[in-house]
Number of protein chains: 2
Amino acid sequence: MKTTAEPSSFIQPTIGGPGAQLVASLSLAIHEHRLKPGTKLGEDELSDIYSVSRTVVRSALQALSHSELVELKRNRGAFVSQPTVREAREVFEARALLEPRTARSAAERMTEDALARLKAHLEAEHAAIAAGEAGKALRLSGQFHIEISHIADQTTIAGFIERLVARSSLIIALYWKRQSALCEKHAHHALVEALARGQGADAEDLMKSHLLDIVTALDLRDSPAPSVDLRDILKP
Amino acid sequence: MKTTAEPSSFIQPTIGGPGAQLVASLSLAIHEHRLKPGTKLGEDELSDIYSVSRTVVRSALQALSHSELVELKRNRGAFVSQPTVREAREVFEARALLEPRTARSAAERMTEDALARLKAHLEAEHAAIAAGEAGKALRLSGQFHIEISHIADQTTIAGFIERLVARSSLIIALYWKRQSALCEKHAHHALVEALARGQGADAEDLMKSHLLDIVTALDLRDSPAPSVDLRDILKP
DNA sequence: GTGCACATGATTGTATACAATACCGCCGGA
DNA sequence: TCCGGCGGTATTGTATACAATCATGTGCAC
């Protein structure tokens, strides 16, 4: 393991523009499942709440739509995204393609500094679970994967994983089957162990099976989408 | 090979909002290297050219910044992105991770319809090269990869590849070494052959070596970035 | 001649006003 | 009773005006 404490490159990609505060706040609420998929995000409503003009609200909503967290429907408004079963499958296929390899890279590029951050993060996860803060626990659980991708020092891939994790949060909100969030805890712990020892192959395998566990805990049968809008299918 | 002609899912992800025309036009110009990296895109300038208000121009620039084609600097304006050497390497590492596997999937899901489109595309590439339209040829060359990813029927991954191809265009504009674009032609032809025969493993290998060829045709030595702004490094 | 301070001009960030479009309840006719 | 047209209301799309910030060039002090 390297011991150099290179500064962590936590540059939010392209999200620093106008309405950053708003983007962050909404993003947080969505990740913590306080805003559920399908919720309408009215512009006037948000501009009232945050005391900014609709201009910046629109800007923020646009940013979120590019992260695929909200869906913009022309002349109808912004809604928290509702990934379909098909999209859900795709997201986890993509994660299966990217994350195991990234975990391996992370193990190889592990630093003392990063390990400390990772352990602290794990601690925070446990604390949130213990405190019964389900939303916060879920968000941290997702962010754990993002942390790892950042350690791998591939900001481009990390950006993709960030998007995938975000969508995963929505997917979990829609399709979660069991309520056992405990498996997460152990899986993450085991991953940190492997990463700490620089065991890349182990980390890769652990990540792969961890992702598989998540997918199998989802109910992705071809059900008629939760609440589809015929307009979105039968476009004139 | 399947023969069902399922409708191609060419849904532009989240890019249908305001200023779509503008986004398309600018995107085209960037892909064809008519707008070079570092070029400033003034808001008034664009609003004059396209006869729309600055509101929609800003919206379009924001969209492009989320695609990482342009960089938005607060209070200083929008510029066509200048990927660094490091970012260039990351982009092609990501492509190496995603595209070969995707090519394999494409081979497995090939349809008569898709094959026809692919061949037509190849023809267009040849025509552009023959006509000496270097910019157009380059753009089509990139779009070829996107077509394949769409055939693989993984819209999420296809979206990532689309972004990577876009960045690749900028990278090529900055770091291209040789001027032999002919290799592309043969590589793409070979790929289509493999895809047509449903030879997934071959397609995967061909894509891998094709991407490697592109990278080796780049000059990615650690050079002092083309024209950096000290402000971007020494942030107070 | 060099370096700093300030004023001026240009460009972006934000807010507001108006126009276009879609949603929803009502009403009339079959 | 059900379907289709119609108008009011609400919400989004676009344009414009004003405020804040940054770039540039001049002049003065050293």
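Keep in mind the model is a prediction, meaning the values are calculated, not measured. First the proteins, then the strands, lettered A, B, ... as listed; each starts at 1.
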Engineer: Provide, to the nearest angstrom, the distance between the CD atom belonging to B:Glu43 and the P atom belonging to D:dT21.
Structural biologist: 16 Å
Engineer: Sub-3.5 Å donor-acceptor pair from the side chain of A:Ser25 to the main-chain atoms of A:Leu22, do we have one?
Structural biologist: no
Engineer: Tell me the interatomic distance from A:Asp44, atom CG, to D:dT12, atom P, rounded to whole angstroms.
Structural biologist: 7 Å
Engineer: Find the distance B:Lys73:NZ to C:dT11:P and express it as a whole number of Å.
Structural biologist: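 It works out to 17 Å between those atoms.
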Engineer: 5'-most contact on DNA chain D: A:Ala78 or A:Thr55, nearest heavy atom basis?
Structural biologist: A:Ala78
Engineer: Salt bridge check, B:Arg54 against B:Asp48: does any charged N sit closer than 4.0 Å to a carboxylate O?
Structural biologist: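 A salt bridge is absent here (no side-chain N lies under 4.0 Å from a carboxylate O).
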Engineer: Between atom NZ in A:Lys40 and atom P in D:dT11, what is the gap in whole Å?
Structural biologist: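 These atoms are roughly 7 Å apart.
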Engineer: Rounded to the nearest angstrom, tell me the gap between atom CZ in B:Arg58 and atom P in D:dT16.
Structural biologist: 16 Å
Engineer: Given atom CG of A:Asn75 and atom C1' of D:dG13, what is their separation to the nearest angstrom?
Structural biologist: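 Distance, rounded to whole Å: 7 Å.
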Engineer: Excluding sequence neighbours, so at least two apart, what forms salt bridge (charged side-chain N to carboxylate O under 4.0 Å, His left out) with A:Arg139?
Structural biologist: A:Glu32
Engineer: Give the C-alpha distance, both sets of side-chain angles, the deciding distance and a yes or no for salt bridge (charged side-chain N to carboxylate O under 4.0 Å, His left out) between A:Glu90 and A:Arg86.
Structural biologist: CA-CA 6 Å; A:Glu90 283 190 3; A:Arg86 178 208 168 94; 3.4 Å; yes
Engineer: By nearest nucleotide on DNA chain C, pick out whichever of A:Ser53 and B:Gly42 is the more 5' one.
Structural biologist: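 Of the two residues, B:Gly42 wins.
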Engineer: Does a distance-only test, which skips hydrogens and angles, find a donor-acceptor pair under 3.5 Å between the side chain of A:Arg76 and the base of D:dG13?
Structural biologist: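 Under the 3.5 Å cut-off, the side chain and the base do not form any donor-acceptor pair.
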Engineer: Specify the separation, in whole Å, of atom CD of B:Gln62 and atom P of C:dT12.
Structural biologist: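 Taking atom P of C:dT12 as the reference, CD of B:Gln62 is at 14 Å.
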Engineer: Starting from C1' on D:dT14, measure out to CZ on A:Arg74 and report it in whole angstrom.
Structural biologist: 10 Å
